[in-house]
Amino acid sequence: MTPRFHPGEAVRVIDKASAGHVRTPRYIRGKCGVVERICGEFRRPEESAYGRYGGGRERLYRVRFAQHEVWPDYAGPAEDTLDVEIYEHWLEKREAGP
Amino acid sequence: MSAEHAHSDRSAEHLERAFRELLAEKGIISDAAVSERLEFMYTRTPALGARVVARAWFDPGFKERLLEDGSAAVTELGIDIRGLRLVVVENTAVLHNLVVCTLCSCYPRMLLGLPPDWYKSVEYRARAVREPRAVLAEFGLSLPGDVTVRVHDSTADMRYLVLPARPTGTDALGEAQCAELVSRDAMIGVALAGSPSNVL
């Protein structure tokens, strides 16, 4: 399967509620960042945490966010960033606009 | 330790034992495998990570491979990392890296051993992503505004190791002496590598 996103591409973390074991922190949902690298393919945590594994793998990305995007009142310089690992099924293309 | 803490530690211990005994009874894991794993983990200390850092300081080719593919480069040194997916991030004069796991306590145990208690605390996990500069200052590291801070939240399958900058005044030191300047905290990113006066 080809990756849906590539390094340098702008993405948004899907903002949805979730139950069970999820590795997408709530604080980053709905935030926009840029793909820093593709980390590889791993078992979906939502399934593997409960012993369910159908053989499928989910692609994992390392996404870089500007701290001021994550926390509007961030106290540091505009260059400060935060890298978070996000699975492909938690990412969407960032629409054009503000 | 508060009574509440002592109680939750005991509960966790009971739960762990019950779980382990059940798994052994069902033949999913063996007591021997658990013992082997524990013995192996006791051999993991920050000295392993320090060895990797010092190698990178002395061998530019190794450093390049380490930053490109951390797991492959560390394996090259003969260190058994058992499937660890390692990302090494380099501190420079204009960039400082800090590692945290906001969801639990993901940590490069294969190279640093068990994480310190503060790394697992709710305070560190919440504040390291929210106000990293304030957290670093509390660790005694006040960074000027022209040094960019890059925080890494190990939320999934990768583990992060900070490659600290080589301290000045270490030109006369050998690789093993340099490794002694590299603390666990420097490889998490809450400290810099030590000054050579500490080992001379």
Side-chain angles (χ1 to χ4, degrees), chain A residues 7 11 13-14 18 20-29 31 33-49 51 53 57-91, chain B residues 19 23 26 28-29 67-72 83-90 92 94-106 122 125-137 141-162 189:
Chain A
V11 291
V13 181
I14 294 173
S18 61
H21 185 79
V22 174
R23 303 300 302 182
T24 308
R26 280 177 204 280
Y27 75 83
I28 211 69
R29 297 183 196 174
K31 305 294 182 187
V34 170
V35 173
E36 191 271 339
R37 74 173 73 178
I38 298 173
C39 300
E41 291 173 28
F42 301 91
R43 292 182 185 189
R44 259 187 200 230
E46 288 91 336
E47 293 163 8
S48 63
Y53 179 54
R57 299 221 158 204
E58 193 69 37
R59 190 167 286 106
L60 181 69
Y61 297 85
R62 185 152 158 248
V63 182
R64 183 160 296 165
F65 302 86
Q67 285 282 25
H68 281 277
E69 155 73 11
V70 184
W71 321 104
D73 64 344
Y74 183 73
E79 292 77 20
D80 285 5
T81 57
L82 171 62
D83 286 5
V84 186
E85 290 160 43
I86 311 279
Y87 285 96
E88 194 167 85
H89 63 290
W90 274 93
L91 290 175
Chain B
F19 197 65
L23 287 171
K26 288 177 180 290
I28 296 169
I29 58 169
L67 296 174
E68 178 68 31
D69 183 343
S71 302
L84 164 74
R85 299 289 301 251
L86 183 69
V87 175
V88 177
V89 289
E90 183 187 17
T92 68
V94 293
L95 177 68
H96 186 87
N97 293 281
L98 177 67
V99 180
V100 62
C101 171
T102 57
L103 295 177
C104 47
S105 56
C106 294
V122 171
R125 287 158 49 200
R127 294 184 59 218
V129 287
R130 183 75 179 82
E131 44 175 2
R133 287 175 184 270
V135 170
L136 289 172
L141 190 56
S142 293
L143 295 173
D146 58 356
V147 175
T148 296
V149 171
R150 187 173 288 167
V151 178
H152 305 269
D153 188 358
S154 355
T155 45
D157 300 271
M158 315 306 280
R159 297 294 176 266
Y160 297 86
L161 185 83
V162 175

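Side chains are part of it too, since the values below use all heavy atoms of this structure and drop only hydrogens, waters and symmetry mates. Throughout, protein chains are lettered first and strands after them, A, B, ... in sequence-line order, and every chain is numbered starting at 1.
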Using non-hydrogen atoms and a 4.5 Å limit, figure out which bit of [X] sits close to chain B: side chain, backbone, both or neither.
X     : answer
A/Y27 : side chain
A/R37 : side chain
A/P25 : both
A/L82 : both
A/V70 : neither

Closest heavy-atom contact between [X] and [Y]?
X     : Y      : value
A/R23 : B/C101 : NH2-SG, 4.2 Å
B/V99 : B/S154 : CG1-OG, 3.9 Å
A/P77 : B/G145 : CG-O, 3.5 Å
B/H96 : B/L141 : CE1-CD2, 3.6 Å
A/H68 : A/G76  : NE2-O, 2.8 Å

*Tell me, do A/R26 and A/S18 make a side-chain contact under 4.5 Å, heavy atoms counted?*
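Of all side-chain heavy-atom pairs linking A/S18 with A/R26, at least one is under 4.5 Å.
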*How about A/F65 and A/V13: do any of their side-chain heavy atoms sit closer than 4.5 Å?*
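Side-chain contact under 4.5 Å: yes.
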*asked:* Report which part of B/V89 has an atom under 4.5 Å of a heavy atom belonging to chain A: side chain, backbone, both, or neither.
replied: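 Only the side chain of B/V89 comes within 4.5 Å of chain A.
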*Could you tell me which of B/V149, B/V147, B/T148 has the largest number of non-hydrogen atom pairs under 4.5 Å with chain A?*
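Heavy-atom pair counts peak at B/V149.
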*Heavy atoms under 4.5 Å from chain B: which residues of residues 84-91 of chain A carry them?*
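A/V84, A/E85, A/Y87, listed by number.
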List in chain and number order the residues that pass side-chain hydrogen bond (donor to acceptor under 3.5 Å, both in side chains) with [X], two or more places apart in sequence or in another chain; answer none if no residue qualifies.
X      : value
A/E41  : A/R59
B/R130 : A/D73
B/R127 : B/E131, B/E138

*Would you mind telling me which of A/D80, A/V22, A/D83, A/I28 has the largest number of heavy-atom pairs within less than 4.5 Å of chain B?*
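Top option by heavy-atom pairs under 4.5 Å: A/D80.
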